[in-house]
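Quick one: the structure is below, questions incoming.
Below, each value reflects all heavy atoms present in this structure, side chains not excepted, and no hydrogens, waters or symmetry copies. Bear in mind that the values here come from a model prediction, so they are computed numbers and not experimental data.
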Amino acid sequence: MSKIVMKTPLVEMDGDEMTRIIWQMIKEILLEPYIELNTEYYDLGLTHRNETDDQVTVDSANATKKYGVAVKCATITPNAARMPEYNLKQMWKSPNGTIRAMLDGTVFRSPILVKGVTPYIPTWTKPITIARHAYGDVYKNTEMVVKGGSKAELCVTNADGTEERSLIHSFDGDGIIQGMHNLDSSISSFARACFNYALDLKQDIWFATKDTISKKYDHTFKDIFQEIFDNEYKEKFDEAGIEYFYTLIDDAVARVVRSEGGYIWACKNYDGDVMSDMIATAFGSLAMMTSVLVSPDGVYEYEAAHGTVQRHYYKHLKGEETSTNSVATLFAWSGALRKRGELDNTLELCDFADKLEKATIQTIEDGVMTGDLYLISKLENKKKVNTREFLEEVNLRLKDMI
């Protein structure tokens, strides 16, 4: 069989730890035998980010803008413990945060449902998609440690040089402060991306913040969403028979738990980070979650929603067997390949991506799975396999489909 030819490169962002090992396995076992892979490669592993002063992350984001489609492996966002481990020059910021800010996109995350894995909330019979704003807030914050006796103020210098000040706190003892920001233009892009995605999926969309407490910051999100919906989308939503509504985030959590699923839940950056992990875990596994960043100008970056699986990586380094779930990383590749095929009108690439996903789901529903799913699957004849064996089992079914 001749290999599928890719007309245009997609941007390939390699990552860290166990997901980096899985990344190479996926290419070796499931992609390279079938596709003449055409990628522009960037090594976003922490060692190389440190060597390049994180310039490689900026370069990969610019390449994504150029080519329109990227696929990203999970990466380490270093904490204090990582500084000596990787001999870091500084505690580099999240590469995801950098890329998301440069693309000004919205992250859409949705669980992958398979037979035999029952959600922890049994009423959830349909996927719940988290739409996460991908700019600003805590991910672009400024922080300071404050000594007792200090006074902290929020100061804005206007274009004419005048200043506006607001007291944050007068510190009797030591403390901490944090400054966050966002942009009306980014919030507007977030709103339009959410409404367009809802129309594409023909699903209701909820948006939730805490505007009763944050009467300027969160309330601005609420107002921009409502204004754009009323002026640009209300008639389209009425025609599609779907609904948009705003609610407080604590009320949204209660509604979500009581629901059957089948809608999009739009969240600010941090809320979306936390809630997408909650949704993924409640549906079964963090490794069973698709994630795609969509920019306002139609650029797509696909990734796994989980981390680098550090514990399994340390086992791997010791030569011990691992049973790491690769499904989310697989679906990142399939999503990127499908989108590349759609944009280039390479239908065989789209077809391959569809079959790769079907083969992956069929493998699990045939009872062959990694340890995380083995523990929660209700299938009677199930078998736990190691990391590589799972991918080889997927390949057996993929060959049959092709």
Taking K215 for the side chain and T212 for the main chain, is one N or O donor matched with an acceptor at less than 3.5 Å?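 Side chain of K215 to backbone of T212: a pair is present.
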
Is it possible for you to check whether R132 lies under 6.0 Å from the centre of the six-membered ring of Y139, through NZ or CZ, and within 45° of that ring's axis?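 Yes, R132 and Y139 form such a contact.
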
Answer yes when E303 and R100 have at least one side-chain N-carboxylate O distance shorter than 4.0 Å, and no when they do not.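 R100 and E303: salt-bridged.
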
Would you call K383 and D366 a salt bridge, using N to O less than 4.0 angstrom?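 The answer is no: the pair does not qualify as a salt bridge.
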
Tell me yes or no: between the side chains of D16 and Y313, is some donor less than 3.5 Å from an acceptor?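 No.
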
Could you tell me whether D211 and K222 have a side-chain N and a carboxylate O separated by less than 4.0 Å?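 Looking at D211 and K222, the cut-off is met.
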
Please confirm whether the backbone N or O of T209 pairs with a side-chain atom of D271, one donor and one acceptor, at under 3.5 Å?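 Between the backbone of T209 and the side chain of D271 there is no qualifying donor-acceptor contact (under 3.5 Å).
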
Describe, in one word, how the ring planes of F229 and F237 are oriented to each other, choosing from parallel (under 30°), tilted (30 to 60°) and perpendicular (over 60°).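 Ring orientation of F229 relative to F237: perpendicular.
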
Ignoring hydrogens and angles, tell me if any N or O in the side chain of K382 forms a donor-acceptor pair with the backbone of Y374 under 3.5 Å.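 Such a contact is found between K382 side chain and Y374 backbone.
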
With the threshold set at 4.0 Å, does a side-chain nitrogen-carboxylate oxygen contact exist between E36 and K7?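 K7 and E36: not salt-bridged.
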
If only atom types and distance count, is the side chain of T308 paired as donor or acceptor with the main-chain N or O of I76 below 3.5 Å?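 Not a single qualifying donor-acceptor pair exists.
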
Worked check of salt bridge (Lys or Arg N to Asp or Glu O under 4.0 Å) between R338 and E342: CA-CA 6 Å; R338 183 185 296 107; E342 289 173 0; 5.1 Å; no

Using a strict cut-off of less than 4.0 Å between a Lys/Arg side-chain nitrogen and an Asp/Glu carboxylate oxygen, indicate whether K358 and D354 qualify as a salt bridge.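 So K358 does not pair with D354 through a salt bridge.
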
Please verify the inter-ring angle class for F171 with H169; under 30° counts as parallel, over 60° as perpendicular, anything in between as tilted.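 Rings of F171 and H169: perpendicular, over 60°.
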
Nearest 0.5 Å, please: how far is CD1 in I128 from CD1 in I279?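 If I round to the nearest 0.5 Å, the distance is 4.0 Å.
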
Is it true that the side chains of E143 and N141 contain a donor and an acceptor less than 3.5 Å apart?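 Side chains of E143 and N141: pair found under 3.5 Å.
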
Does K93 pair with D54 as a salt bridge, N-O distance under 4.0 Å?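 Answer for the salt bridge query: no.
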
Once rounded to the nearest 0.5 Å, what's the spacing between atom CG of L337 and atom CG of L356?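 Going from CG on L337 over to CG on L356, the span is 8.0 Å.
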
Does the pair R397/E393 count as a salt bridge with the N-to-O cut at 4.0 Å?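 Salt bridge between R397 and E393, a charged N being under 4.0 Å from a carboxylate O: yes.
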
Could you tell me whether the side chain of T281 and the main chain of D277 form a donor-acceptor pair under 3.5 Å?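 Yes, because the side chain of T281 sits within donor-acceptor range (under 3.5 Å) of the backbone of D277.
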
Salt bridge present between E12 and K27 (N-O < 4.0 angstrom):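 A salt bridge is present here (some side-chain N lies under 4.0 Å from a carboxylate O).
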
Do E163 and N158 meet the criterion of a side-chain donor-acceptor pair at a distance under 3.5 Å?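 No, N158 and E163 have no side-chain donor paired with an acceptor closer than 3.5 Å.
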
Give a yes or no on whether a salt bridge exists between K72 and E301, defined as a side-chain N under 4.0 angstrom from a carboxylate O.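 A salt bridge is absent here (no side-chain N lies under 4.0 Å from a carboxylate O).
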
Look up atom CG in L398 and atom CD in E357, then write down how far apart they are to the nearest 0.5 Å.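 If I round to the nearest 0.5 Å, the distance is 11.5 Å.
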
If we ignore angles and hydrogens, is there a donor and acceptor under 3.5 Å between the side chains of N96 and S94?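 Note: N96 and S94 side chains miss the donor-acceptor criterion.
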
Would you compute the distance between atom CE of M13 and atom SG of C73 and round it to the nearest 0.5 angstrom?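 Spacing of CE (M13) from SG (C73) equals 11.5 Å.
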
Inter-residue atom distance K115.NZ - Q362.CD, 0.5 Å rounding: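 K115 atom NZ to Q362 atom CD measures 10.5 Å (nearest 0.5 Å).
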
Can K236 and E239 be counted as an ion pair, charged N to O under 4.0 angstrom?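 No salt bridge links K236 with E239.
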
If only atom types and distance count, is the side chain of D218 paired as donor or acceptor with the main-chain N or O of K210 below 3.5 Å?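 Answer holds: yes.
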
Do Y135 and H181 get their side chains close enough for a donor-acceptor pair, meaning under 3.5 Å?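 Note: Y135 and H181 side chains meet the donor-acceptor criterion.
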
Relative to the ring of W206, is the ring of Y263 parallel (under 30°), tilted (30 to 60°) or perpendicular (over 60°)?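 The arrangement is parallel - the two ring planes meet at less than 30°.
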
Using the six-membered ring wherever Trp is involved, compare the ring planes of W333 and W23 and label them parallel, tilted or perpendicular (cut-offs 30° and 60°).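 Judged by the thresholds at 30° and 60°, the geometry between W333 and W23 is tilted.
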
Ring-plane angle category for H133 and F221, please: parallel below 30°, perpendicular beyond 60°, tilted otherwise.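 If you compare the ring of H133 with that of F221, the planes turn out perpendicular.
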
Show your reasoning for whether side-chain hydrogen bond (donor to acceptor under 3.5 Å, both in side chains) applies to D344 and T346. CA-CA 5 Å; D344 291 349; T346 307; 4.8 Å; no

Full working for side-chain hydrogen bond (donor to acceptor under 3.5 Å, both in side chains) between T324 and H312: CA-CA 7 Å; T324 314; H312 284 202; 2.6 Å; yes

Counting distance only, does the side-chain N/O of S150 pair as donor-acceptor with the main-chain N or O of K147 below 3.5 Å?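 Between the backbone of K147 and the side chain of S150 there is a qualifying donor-acceptor contact (under 3.5 Å).
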
Backbone of D14 reached by a side-chain donor or acceptor of D43 within 3.5 Å: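 No: the side chain of D43 does not pair with the backbone of D14.
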
Look at the rings of F207 and F190 and say which category their plane angle falls in: under 30° parallel, 30 to 60° tilted, over 60° perpendicular.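 If you compare the ring of F207 with that of F190, the planes turn out perpendicular.
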
